[in-house]
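Below is one structure, written out as structure tokens, with a few remarks after it.
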Amino acid sequence: MRFHSSLFIFIACFAGTLHAADLPAPARDAATLYAQFCANCHGADLRGGKAQSLLDATWQHAKNDEDIARVIRKGILRSGMPSFSVALSDAEIRALVVLIRETGTRDVDPAVHRAAPLPSGVQTSELHSYRIEKIIDGLDVPWSLAFLPDGRLLITERTGAIFIATQKNGVWTTSSVANPPKVWVRDEGGLMAFAVPPDYDKTGWLYLTLSDPGENDTGNTKLIRGRLRDDRWSDEETLFEAPRSTYTSNGINFGGRVVFSGDYLFLSFGERGEVGQAQDLSLPNGKVHRLFRDGRIPPDNPFVKTPGALPSIWSYGHRNPQGLAVHPVTGELWETEHGPRGGDELNYIRPGHNYGWPVITHGMNYNGTPVSPITAKAGMDQPVLHWTPSIAVSPLRFYTGDAFPKWKNNLFLGALAQQELRRLVVEGDRVVRQEIILKNRGRVRDMITGPDGCLYVSLEVPGPENPAVIVRLAPAE
Ligand code: HEC
């Protein structure tokens, strides 16, 4: 984007063929537009003035986002709401809708950055009571959790360390894995997800995603496998890596989850801040890939016969998919991805389908400028759920234990910014019930069912002085 506009300016200045009118209009951000065009009547803080509040959740004319956009575009002339169809583009109107939604929800729920201390005693929820026990302390960004069949818990730190946690008589101790893989630690990049394959007992392979260091301080997502030999990372093999030309200094949107399903594995690969690449089938970015466990391409993948397409692609049009989960009974694949500002998504993944980023999105750019005027388009799947403002949706896993029988096969979803652990009941491709289990106890990095059936959750408490922790939710009799 930046490259293109400077190229235009270059041509305009030196070749003399383009005029200012040919240049793309500079994107205007929603907050500036609001101040310029709306604040006068609806109040600088959206709480109302001459005209009504846009935050009180009582709407006379607008039931949904499309209605709000229509009111802004067409106005309600008889009562003094002007039409903005000339002053604002459809994309800018869409960004204003996102701003109204975002501000409205913040109004209800302002606590984003603080975390309350972990509660003690019996906690109740809709179906089960439980206790929360802190089992491991002093971590940094514990990106993923994985249990080995012998009950040991593997923890990846984004900064590159791997810990093994062992429990003896209820007391947990941790040790470091020697010789961890080399990673490019930058912003969201580093060591990401561990996954233990179903045939681990036979093969000893462990699967790991990371940001791989390229030349000149660049990186990209990569999938490797290796073995633990005497707590030392060994036998490393690369299973999936991106072409060097896609390595970038952008430290964002790696995706990076790996899950198993039968003979296959699924890998989520973020668009890496190269927005258009999620729609480009010749590149790995912004995709979910399906491979055999040894890295070979399954011959029945949806794009194996498409000229120019990467044969590993299973679905595309994803932004930053940090969560992937396979239903333990039906094998259906679910995915979470971070939207930009607004537009976080929970998706039901079908092979070959396009999930729309950045052609359709329910969010806008971080600076308030629009990404797209549209939220839906034929041939592109809608999310099953979406969140504006963003909750920063990240890990996703089915609960598979017996300690909480009524939670069995429920989908658990974690959120970073809004510090939530949610329980979702899914039927086919629908979510039929939602419950927030934890709120404001820290950024939920990962959660997993333990061998004891308890739910283990890694929580990052905001603030550099606060170490991240692993907690265990155990049933309360
Ligand atoms: C000149 C004053 C004025 C300006 C400027 C103005 N509005 Fe309005 N707006 C109104 C009035 C008055 C109404 C109520 C219309 C009614 O109830 O019939 C309204 C209604 C609305 C509604 C519908 C609310 C509902 O309850 O359904 C929305 C949404 C809205 N305005 C958004 C905006 C946005 C966004 C802007 C800036 C782009 C804007 N307005 C600028 C006066 C204004």
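Start at 1 and go down the list; that is how both ligands and their atoms are numbered.
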In terms of its nearest heavy atom to atom 16 (C) of ligand 1, the top option of Gln36, Gln60, His61 is His61
Do me a favour and list the nearest non-hydrogen protein atom to atom 3 (C) of ligand 1 with residue, atom name and distance? Cys41 SG, 2.7 Å
Is the shortest distance from a Lys or Arg side-chain nitrogen in Asp280 or Lys287 to a carboxylate oxygen in the other one below 4.0 Å? no
N or O contact, Pro82 vs ligand 1, cut-off under 3.5 Å: no
Should you measure from each heavy atom of Ala51, which atoms of ligand 1 turn up under 4.0 Å away? 10 (C), 11 (C), 12 (C), 42 (C)
Check for me whether Val71 has a heavy atom closer than 4.0 Å to any atom of ligand 1. yes
Shortest heavy-atom approach to atom 29 (C) of ligand 1 - which of Ile68, Leu77, Leu96: Ile68
Run through His318, His386, His362 and flag the one making a ring pair (Phe, Tyr, Trp, His ring centres under 6.0 Å) with Tyr355. His318
Side chain, backbone, both or neither: which applies to Phe84 and ligand 1 if a contact is any heavy-atom pair less than 4.0 Å apart? side chain
Would the number of heavy atoms belonging to other residues, nucleotides or ligands and lying under 6.0 Å from CD of Glu126 be above 12? yes
Restricting to N/O/S atoms, is His42 within less than 2.8 Å of atom 8 (Fe) of ligand 1 or not? yes
Within the 4.0 Å heavy-atom shell around Ile76, which atoms of ligand 1 are there? 15 (C), 18 (O)
Protein residue, atom and distance nearest to atom 38 (C) of ligand 1, heavy-atom basis: Cys38 SG, 2.6 Å
Is the distance between the ring centroids of Phe303 and Tyr316 under 6.0 Å? yes
The protein heavy atom nearest to atom 18 (O) of ligand 1 is Ser79 OG, 2.5 Å
Side chain, backbone, both or neither: which applies to Leu54 and ligand 1 if a contact is any heavy-atom pair less than 4.0 Å apart? side chain
Donor-acceptor pair, Thr103 side chain versus Leu99 backbone, under 3.5 Å? yes
Between Trp334 and His327, is the gap from one ring center to the other below 6.0 Å? no
Contact atoms of ligand 1, heavy-atom distance to Ala62 under 4.0 Å: 27 (O)
Would you mind running through ligand 1 and noting each atom that sits below 4.0 Å from a heavy atom of Gly80? 1 (C), 2 (C), 3 (C), 42 (C), 43 (C)
Axial cation check for Phe254 ring with Arg272, 6.0 Å and 45° limits: yes
So, Arg158 and Asp140, do they make that salt bridge, N to O below 4.0 Å? no
Atom 5 (C) of ligand 1: closest protein heavy atom, distance to 0.1 Å, is Phe37 O, 3.2 Å
Nearest protein heavy atom with distance in Å, relative to atom 33 (C) of ligand 1: Met81 CE, 3.3 Å
Is the shortest distance from a Lys or Arg side-chain nitrogen in Arg319 or Glu337 to a carboxylate oxygen in the other one below 4.0 Å? no
Note: Gln52, heavy atoms under 4.0 Å from ligand 1, region reported as side chain
Beyond-backbone contact of Leu396 with Phe412, side-chain heavy atoms, under 4.5 angstrom: no
For a 4.5 angstrom cut-off between non-hydrogen side-chain atoms, does Ser394 reach Gln322? yes
